[in-house]
Amino acid sequence: MTATEVMDMSRSLLNDQIGAVFTDEVQIPYLNMALRDLGTKLQLNDIPVSLETSEVIEVDADATEIEAADMPDGFINAKQLWQRETGTTNPFIEIKQFQFLPHWGAEDITAYISGWAYWGQLIHFIPSTTAMDVKIDFTKNIIVTITDGEDDIEINNSFQYLGFKTAAYCSFFIGENPTRAEALHGQAEVAFSEMLGIETKGQQAIVTRRRPFRAGWKQRGYI
């Protein structure tokens, strides 16, 4: 959808279908406010706007972190890291994640990165003695700043929320009609709840393979 399509909905809610007052130029700052609100709500509800895998990042031997300048564009947080020795075509293998790097890490350096943790907006490593290629599975922020009505908004199922929220801001700050603004904010929350329900249902549809109940018994000899 385009920004203008969202603002057309907002105009309809404000009884200004022809755009005599609420033009695109007038509404764009308030649409951007609605987008920032949406981004915050998605993050607070742990709904990934977009999941991406980074390009290969070359990590030097003995490196203890990935510099902020080397992080992928739009990075919000890391989900998983993978590694292979630089200069090879070996398959990437998973790097173990820690909440905090263990204190024994400095005395247990190996040829591979044996662990990573994320804090202070940096990815930290137990360093390796070998240069490694690293890939990051990460949550990406695709909340854009709108500058023109033709700008695309690529956030699934967000049309209703953004239309109501933009209209609410316009009604309050331009129309100076707090009663209508409150009603529109309420409709935006309903739209977000529906959006959240769709996203959650989609996550529940991901199949997780579980071991059969009796598998553990067979391994222990209880047959």
Side-chain angles (χ1 to χ4, degrees), residues 1-3 31-32 35-102 105-106 108-148 150-159 162 195-196 198-200 202-209:
M1 64 185 167
T2 66
L31 174 54
N32 281 320
L35 279 163
R36 288 190 290 271
D37 285 346
L38 178 59
T40 299
K41 291 171 79 70
L42 290 172
Q43 291 182 46
L44 288 172
N45 285 276
D46 199 26
I47 300 297
V49 176
S50 178
L51 296 177
E52 301 280 349
T53 298
S54 73
E55 299 295 326
V56 169
I57 300 170
E58 294 185 6
V59 176
D60 295 334
D62 301 321
T64 58
E65 62 188 34
I66 296 180
E67 299 287 344
D70 294 327
M71 298 292 279
D73 291 340
F75 176 89
I76 296 177
N77 57 50
K79 295 294 186 181
Q80 185 56 58
L81 269 68
W82 306 83
Q83 66 179 334
R84 72 179 179 193
E85 188 175 348
T86 298
T88 71
T89 57
N90 296 336
F92 282 87
I93 60 173
E94 185 175 345
I95 307 174
K96 184 176 181 179
Q97 181 181 5
F98 293 91
Q99 184 174 6
F100 298 100
L101 292 182
D108 195 32
I109 297 175
T110 67
Y112 291 87
I113 298 169
S114 54
W116 70 276
Y118 180 70
W119 75 83
Q121 299 184 331
L122 291 175
I123 291 174
H124 301 265
F125 295 128
I126 299 172
S128 65
T129 59
T130 308
M132 304 298 292
D133 289 342
V134 171
K135 284 188 173 183
I136 308 171
D137 295 340
F138 67 102
T139 304
K140 181 179 181 179
N141 178 18
I142 59 171
I143 302 294
V144 298
T145 298
I146 300 300
T147 60
D148 184 86
E150 295 304 311
D151 290 346
D152 288 324
I153 300 172
E154 299 178 350
I155 307 171
N156 292 340
N157 308 307
S158 65
F159 180 78
L162 291 174
M195 180 183 178
L196 189 63
I198 293 170
E199 293 290 340
T200 303
Q203 290 184 8
Q204 290 173 346
I206 298 173
V207 175
T208 300
R209 186 176 180 181

*Asks:* Determine whether a donor-acceptor pair (N or O, by modelled atom type, separation under 3.5 Å) exists between the side chain of Asp152 and the backbone of Glu154.
*Replies:*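 Answer holds: no.
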
*Asks:* Between the side chain of Asn32 and the main-chain N/O of Thr145, is any donor-acceptor distance below 3.5 Å?
*Replies:*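 No, because the side chain of Asn32 does not come within donor-acceptor range (under 3.5 Å) of the backbone of Thr145.
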
*Asks:* Minimum heavy-atom separation for Ser128 to Ile113, with atom names?
*Replies:*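 Looking at all heavy atoms of both residues, the shortest contact is CB-N, 3.6 Å.
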
*Asks:* Hey, what do you get for CG (Leu51) to NZ (Lys140), rounding to the nearest 0.5 Å?
*Replies:*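 If we round to the nearest 0.5 Å, Leu51:CG and Lys140:NZ are 11.5 Å apart.
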
*Asks:* Does any N or O in the side chain of Gln80 come within less than 3.5 Å of the main-chain N or O of Lys135, such that one atom is a donor and the other an acceptor?
*Replies:*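 It does not hold such a pair.
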
*Asks:* Out of curiosity, Ile76 CD1 to Gln121 CD, how far, rounded to the nearest 0.5 Å?
*Replies:*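 Interatomic distance, Ile76 CD1 to Gln121 CD, rounded to 0.5 Å: 12.0 Å.
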
*Asks:* Using the test salt bridge (charged side-chain N to carboxylate O under 4.0 Å, His left out), find all partners of Asp133 that sit at least two apart in sequence or belong to another chain.
*Replies:*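 Partners of Asp133 under the salt bridge (charged side-chain N to carboxylate O under 4.0 Å, His left out) test: Arg84.
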
*Asks:* Would Ile66 and Trp116 count as a side chain to side chain contact (heavy atoms under 4.5 Å, CB included) here? Give the steps.
*Replies:* CA-CA 10 Å; Ile66 296 180; Trp116 70 276; over 6 Å; no

*Asks:* Side chains of Asn77 and Thr139: donor-acceptor distance under 3.5 Å anywhere?
*Replies:*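 There is such a pair between these side chains.
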
*Asks:* Which pair of heavy atoms, one from Ala3 and one from Ile146, lies closest together, and at what distance?
*Replies:*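 Answer, listing the atom of Ala3 first, then Ile146: CB-CG2, 3.7 Å.
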
*Asks:* Evaluate the side-chain proximity of Leu35 to Ile155: yes if any heavy-atom separation is below 4.5 Å, no if none is.
*Replies:*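 Of all side-chain heavy-atom pairs linking Leu35 with Ile155, at least one is under 4.5 Å.
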
*Asks:* Of all heavy-atom pairs between Ala61 and Thr129, which one has the smallest distance, and what is that distance?
*Replies:*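 Heavy-atom minimum between the residues: CB-O, 3.6 Å.
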
*Asks:* Using a 6.0 Å cut-off, check whether atom CG of Asn90 has over 12 heavy atoms from anything other than its own residue.
*Replies:*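 Yes.
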
*Asks:* Got a sec: does the CD of Gln97 have more than 12 other heavy atoms crowding it under 6.0 Å?
*Replies:*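 Counting other residues, nucleotides and ligands, CD of Gln97 exceeds 12 neighbours.
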
*Asks:* May I ask you to test the Val59-Gln83 pair for a side-chain heavy-atom distance under 4.5 Å?
*Replies:*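 A side-chain contact under 4.5 Å is absent here.
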
*Asks:* How long is the gap from CZ on Phe125 to CD1 on Ile95, to the nearest 0.5 Å?
*Replies:*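 Between Phe125 CZ and Ile95 CD1, I get 5.5 Å after rounding to 0.5 Å.
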
*Asks:* Counting only heavy atoms from other residues, nucleotides and ligands, does the tally under 6.0 Å from CD of Glu55 exceed 12?
*Replies:*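 Counting neighbours around CD of Glu55, 12 or fewer heavy atoms of other residues, nucleotides or ligands fall under 6.0 Å, so no.
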
*Asks:* Without swapping roles, check the side chain of Thr130 against the backbone of Ala111 for a donor-acceptor pair under 3.5 Å.
*Replies:*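 Present.
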
*Asks:* Would you compute the distance between atom CE of Met132 and atom CG of Leu81 and round it to the nearest 0.5 angstrom?
*Replies:*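 The distance works out to 11.5 Å.
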
*Asks:* Measure the spacing between CG of Leu196 and CG of Asn157 and express it to the nearest 0.5 Å.
*Replies:*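 So the gap between those two atoms works out to 11.0 Å.
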
*Asks:* Using modelled atom types and a 3.5 Å cut-off, is there a donor and acceptor pairing between side-chain atoms of Ser54 and backbone atoms of Pro72?
*Replies:*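 Not at all, since once roles are kept as given, no pair shorter than 3.5 Å links the two residues.
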
*Asks:* If every non-hydrogen atom of Ser158 is compared with every non-hydrogen atom of Ile153, which pair is closest and at what distance?
*Replies:*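 Closest heavy-atom pair between Ser158 and Ile153: OG-CG2, 4.4 Å.
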
*Asks:* For the residue pair Ile143 and Asn141, what are the closest heavy atoms and their distance?
*Replies:*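 Smallest heavy-atom distance, with atoms named: N-OD1, 2.9 Å.
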
*Asks:* How about OH on Tyr112, more than 12 heavy atoms from neighbouring residues, nucleotides or ligands closer than 6.0 Å, or not?
*Replies:*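 Open.
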
*Asks:* Do you know the tightest heavy-atom contact between Ile136 and Ala78?
*Replies:*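 Closest approach of Ile136 to Ala78, heavy atoms only: CG2-CB, 4.1 Å.
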
*Asks:* Kindly assign one of parallel, tilted or perpendicular to the pair Trp119 and His124, based on the angle between their ring planes and the thresholds 30° and 60°.
*Replies:*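 Rings of Trp119 and His124: parallel, as their planes differ by under 30°.
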
*Asks:* Kindly compute the distance separating CE (Met71) from CG (Leu122), expressed to the nearest 0.5 Å.
*Replies:*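 Taking CE in Met71 and CG in Leu122, the distance rounds to 7.0 Å.
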
*Asks:* Hey, are the side chains of Pro102 and Ile126 touching, using non-hydrogen atoms and a 4.5 Å cut-off?
*Replies:*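 SC-SC contact between Pro102 and Ile126 confirmed.
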
*Asks:* What about Tyr118 and Phe138, are their ring centers closer than 6.0 Å?
*Replies:*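 No.
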
*Asks:* Going by side-chain contact (heavy atoms from CB on, under 4.5 Å), name the residues that satisfy it together with Thr40, two or more places apart in sequence or in a different chain.
*Replies:*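 Per chain and number, Thr40 pairs via side-chain contact (heavy atoms from CB on, under 4.5 Å) with Leu44.
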
